[in-house]
Amino acid sequence: MAVFALIGIQSVTAQERVIDSVKIKAIEKERLEQQLKNDKEALKAQERAEKQLKDAEKDKKRAEKETKKAEKESKKAENELKQVQKEQSKIESAQKAVKKQQDKLAKARKDLEKMQTKFSKATAKGKLSPVDIEKSKVEISKQQLKIKEIEEDIEKAEKKLRKLK
């Protein structure tokens with residue numbers, strides 16, 4: 001019986017080894033499955049991170065593009081403002097030129113009136129010689145020509161002003 005007992009112990013030990021190796025394989029399989037699951041989750045997390053990075057880059061590019069567009073529009077508006085200011089300055093300059101010519105015309109007419117009054121008074125008194133009379137008439141004629149030139153200049157200045165407006 002001792003022999004049978006020895007064989008019985010060996011068979012129990014062999015069965016324990018088989019059970020242990022099955023348990024080890026099951027544990028190994030479970031560990032591998034868990035590692036595979038962890039690897040899949042890590043891969044998914046990495047893919048999400050890469051997608052977030054790409055999205056962030058797209059957002060950054062979009063923001064840069066919008067910033068450039070805004071800067072371009074701002075520069076365009078600034079240039080338009082400068083153009084309007086330049087045109088306004090030209091209009092103001094043309095208005096000043098018209099005003100200056102009108103003042104010049106008024107002064108020339110006043111001078112002509114004084115010359116004619118002086119000439120009339122002198123001829124009425126009979127103080128002028130024929131040479132002085134001719135000189136006075138020439139001066140009056142020159143002043144009248146000067147007035148005509150000023151009137152032409154005013155017309156040119158007004159035409160320029162109308163063109164600018």
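When a residue number appears, it is its place in the shown sequence, counting from 1. These numbers were taken from a predicted model, which means no experiment stands behind them.
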Got a sec, which hydrophobics cluster with Leu53, joining ILVMFWY side chains under 4.5 Å apart, including via others? none
Pairs involving residues 89-101, ordered by first then second residue, that meet side chain to side chain donor-acceptor pair (under 3.5 Å) (sequence neighbours left out): Lys99-Asp103
Are side-chain heavy atoms of Lys82 and Glu78 found at a separation under 4.5 Å? yes
Got a salt bridge between Glu151 and Arg109, using NZ or NE/NH1/NH2 to carboxylate O under 4.0 Å? yes
Cluster membership besides Leu105, Ile/Leu/Val/Met/Phe/Trp/Tyr side chains within less than 4.5 angstrom, sorted by chain and number, is Leu112, Met115, Phe119, Leu128, Ile133, Ile140, Ile147, Ile150, Ile154
Rounded to the nearest 0.5 Å, what separation is found between the CZ atom of Arg48 and the CD atom of Glu41? 8.5 Å
CD of Glu30: more than 12 outside heavy atoms within 6.0 angstrom? no
Applying side chain to side chain donor-acceptor pair (under 3.5 Å) as the test, list every pair that has at least one member in residues 131-149; sequence neighbours left out. Ser129-Asp132
Apply salt bridge (Lys or Arg N to Asp or Glu O under 4.0 Å) to residues Arg162 and Glu155 and explain how you reach the verdict. CA-CA 10 Å; Arg162 283 191 300 271; Glu155 186 59 37; 3.5 Å; yes
Could you work out, with side chain to side chain donor-acceptor pair (under 3.5 Å) as the rule, every residue matching Arg62, not counting sequence neighbours? Asp59
Those residues at least two apart in sequence (or on a different chain) that pass side chain to side chain contact (heavy atoms under 4.5 Å, CB included) with Thr117 are Glu113, Lys121
Modelled atom types, side-chain donor and acceptor of Gln34 and Asn38, under 3.5 Å: yes
Rounded to the nearest 0.5 Å, how far does NZ of Lys58 lie from NZ of Lys54? 8.0 Å
Any non-hydrogen side-chain atom of Glu47 less than 4.5 Å from a side-chain atom of Lys51? no
Can you find a pair of side-chain heavy atoms, one from Glu87 and one from Gln83, that are under 4.5 Å apart? yes
Would you give the length of the straight line joining atom CD of Glu158 to atom NZ of Lys156, rounded to the nearest 0.5 angstrom? 13.5 Å
